[in-house]
Amino acid sequence: LLFMFTDILSLFRLSPHPKMPAPRALILLTNGVEDSEIVVTTDCLRRAGFEVVLGGLSGLDVITCCQKTRLLPDVAVEEAVKTTFDVIIVTGGSGSGETFAQSTKVGEILRSQLAAGRYVATICVGALVLGTHCIQKGSKITSYPMAREKLEQAGYTFSEESVVVDGKLITSRAPGTVFDFALKIVELIVGPKEANDLQNLMLFK
């Protein structure tokens, strides 16, 4: 029965391309992050063959999400960024958006990521980091509505689309758009076919 259950679970993962290295994603963690934005994004990317690393802004301490889910970082952010990632992801939550926005460390990491021609993705109030750290100003972006005024004042063009892509910058709106967000990351980094296959495997419409 155990082998049968394992075989069933494997149906919900895409088979990695035998000759392609696994794409890599770094998701930043701090207290107050939105539970679903972390967990669903991690889940979808891993199903698509990504190596996903959870990087703790405060080291390896357990973090508590805004709905009280507790998560353990894989590595401290300072150690994680010694290697390269195809995408670095900043989520929203209760107070976490401000924490990321106030961190000069996060600003430096995101600017370096974009300067190297690799993706930065934010969802919900995680987008506040863009305005605070003057990251790709003038871009078309989206976020949770409460962050709209600050982002427009910082010089961004706001959209109400569920996911917006401008160059190497990917933004999304809220927990309700997290599947769209994760699938867009898969589409851009792995390919449209793989994103469509994953969507079908998960029965996501």
Beyond-backbone contact of [X] with [Y], side-chain heavy atoms, under 4.5 angstrom:
X	Y	answer
Lys205	Gln199	no
Asn31	Ser96	no
Val120	Ile135	no
Ile89	Ile185	yes

How would you list all residue pairs meeting ring pair (Phe, Tyr, Trp, His ring centres under 6.0 Å) that involve [range], not counting sequence neighbours?
range	result
residues 114-138	none
residues 37-71	none
residues 71-116	none

Other members of the hydrophobic cluster containing [X], with the 4.5 Å side-chain heavy-atom rule, please.
X	result
Leu128	Val125, Tyr144, Met146
Leu60	none
Phe158	none

In a table with atom names and distances, give each donor-acceptor pair under 3.5 Å that connects a side chain of residues 163-171 to protein atoms at least two apart or in another chain.
| from | atom 1 | to | atom 2 | distance (Å) |
| --- | --- | --- | --- | --- |
| Asp166 | OD2 | Lys140 | N | 2.8 |
| Thr171 | OG1 | Thr142 | N | 2.9 |

**OP:** Could you walk me through whether Ile38 and Glu34 pass side-chain contact (heavy atoms from CB on, under 4.5 Å), step by step?
**Re:** CA-CA 7 Å; Ile38 296 286; Glu34 178 61 53; over 6 Å; no
Ignoring hydrogens, what is the shortest heavy-atom contact between [X] and [Y]? Give both atom names and the distance.
X	Y	result
Ala174	Ile123	O-CD1, 3.4 Å
Ala76	Gly59	CB-CA, 3.7 Å
Met202	Leu183	CE-CD2, 4.3 Å
Gly49	Pro23	O-CD, 3.8 Å
Ser36	Val178	O-CG2, 4.0 Å
Glu37	Thr41	O-OG1, 2.7 Å

What pairs of residues pass the side-chain hydrogen bond (donor to acceptor under 3.5 Å, both in side chains) test when at least one of them lies in residues 174-186, not counting sequence neighbours?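 Applying side-chain hydrogen bond (donor to acceptor under 3.5 Å, both in side chains) to every pair that reaches into residues 174-186, excluding sequence neighbours, yields Ser172-Thr177, Lys184-Glu187.
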Exercise. Applying side-chain contact (heavy atoms from CB on, under 4.5 Å) between Leu57 and each of Leu28, Val106, Leu29, report the one that passes.
Key: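 When side-chain contact (heavy atoms from CB on, under 4.5 Å) is applied between Leu57 and each of Leu28, Val106, Leu29, only Val106 qualifies.
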- [ ] Report, as yes or no, whether the 6.0 Å neighbourhood of atom CD on Glu149 holds more than 12 heavy atoms from other residues, nucleotides or ligands.
- [x]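 No, because the 6.0 Å sphere around CD of Glu149 holds 12 heavy atoms or fewer from other groups.
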Under the rule for side chain to side chain contact (heavy atoms under 4.5 Å, CB included), what residues qualify as partners of Asp43, not counting sequence neighbours?
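By the side chain to side chain contact (heavy atoms under 4.5 Å, CB included) rule, Asp43 matches Arg47.
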Self-check item: All ring pair (Phe, Tyr, Trp, His ring centres under 6.0 Å) counterparts of Phe179, not counting sequence neighbours
Solution: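 For Phe179, the residues satisfying ring pair (Phe, Tyr, Trp, His ring centres under 6.0 Å) (neighbours in sequence not counted) are Phe204.
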Rounded to the nearest 0.5 Å, what's the gap from [atom1] on [X] to [atom2] on [Y]? Could you check?
X	Y	atom1	atom2	answer
Lys150	Leu130	NZ	CG	13.5 Å
Arg118	Ile88	CZ	CD1	7.5 Å
Thr122	Leu110	OG1	CG	9.0 Å

Using salt bridge (charged side-chain N to carboxylate O under 4.0 Å, His left out), reason through Glu161 and Arg173 one step at a time and then give a plain yes or no. CA-CA 8 Å; Glu161 298 171 66; Arg173 304 211 71 194; over 6 Å; no
Taking NZ, NE, NH1 and NH2 as the nitrogens, is one of them in Glu108 or Arg111 under 4.0 Å from a carboxylate oxygen of the other?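 The answer is no: the pair does not qualify as a salt bridge.
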So Cys44 and Val40, side-chain contact (heavy atoms from CB on, under 4.5 Å) or not? Walk me through it. CA-CA 6 Å; Cys44 290; Val40 173; 4.1 Å; yes
Show me the side-chain donor-acceptor pairs of residues 62-75 shorter than 3.5 Å, one per line, residues at least two apart or across chains.
| from | atom 1 | to | atom 2 | distance (Å) |
| --- | --- | --- | --- | --- |
| Thr69 | OG1 | Asp35 | OD2 | 2.5 |
| Asp74 | OD2 | Leu54 | N | 2.7 |

Suppose we screen for salt bridge (Lys or Arg N to Asp or Glu O under 4.0 Å). Which residues come up paired with Glu98, at least two apart in sequence or across chains?
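If we apply the salt bridge (Lys or Arg N to Asp or Glu O under 4.0 Å) test to Glu98, skipping adjacent residues, there are no hits.
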Within the side chain of [X], is there an N or O that forms a donor-acceptor pair under 3.5 Å with the backbone of [Y]?
X	Y	answer
Ser139	Gln136	yes
Arg148	Ser143	no
Asn196	Pro192	no

- Can Phe181 be reached from Val39 by stepping across I, L, V, M, F, W or Y side chains whose heavy atoms are under 4.5 Å apart?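 They do not share one cluster, since no chain of ILVMFWY contacts under 4.5 Å joins Val39 to Phe181.
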Check your understanding: Is it the case that one hydrophobic cluster holds both Leu188 and Val90, taking links as side-chain heavy atoms less than 4.5 Å apart, direct or via other members?
Key ->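 Same hydrophobic cluster.
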Could you walk me through whether Lys105 and Glu78 satisfy the salt bridge (charged side-chain N to carboxylate O under 4.0 Å, His left out) test, starting with their C-alpha distance in whole Å, then the side-chain angles of each, then the deciding distance to 0.1 Å, before giving a yes or no?
CA-CA 9 Å; Lys105 181 193 312 178; Glu78 293 92 337; 2.6 Å; yes
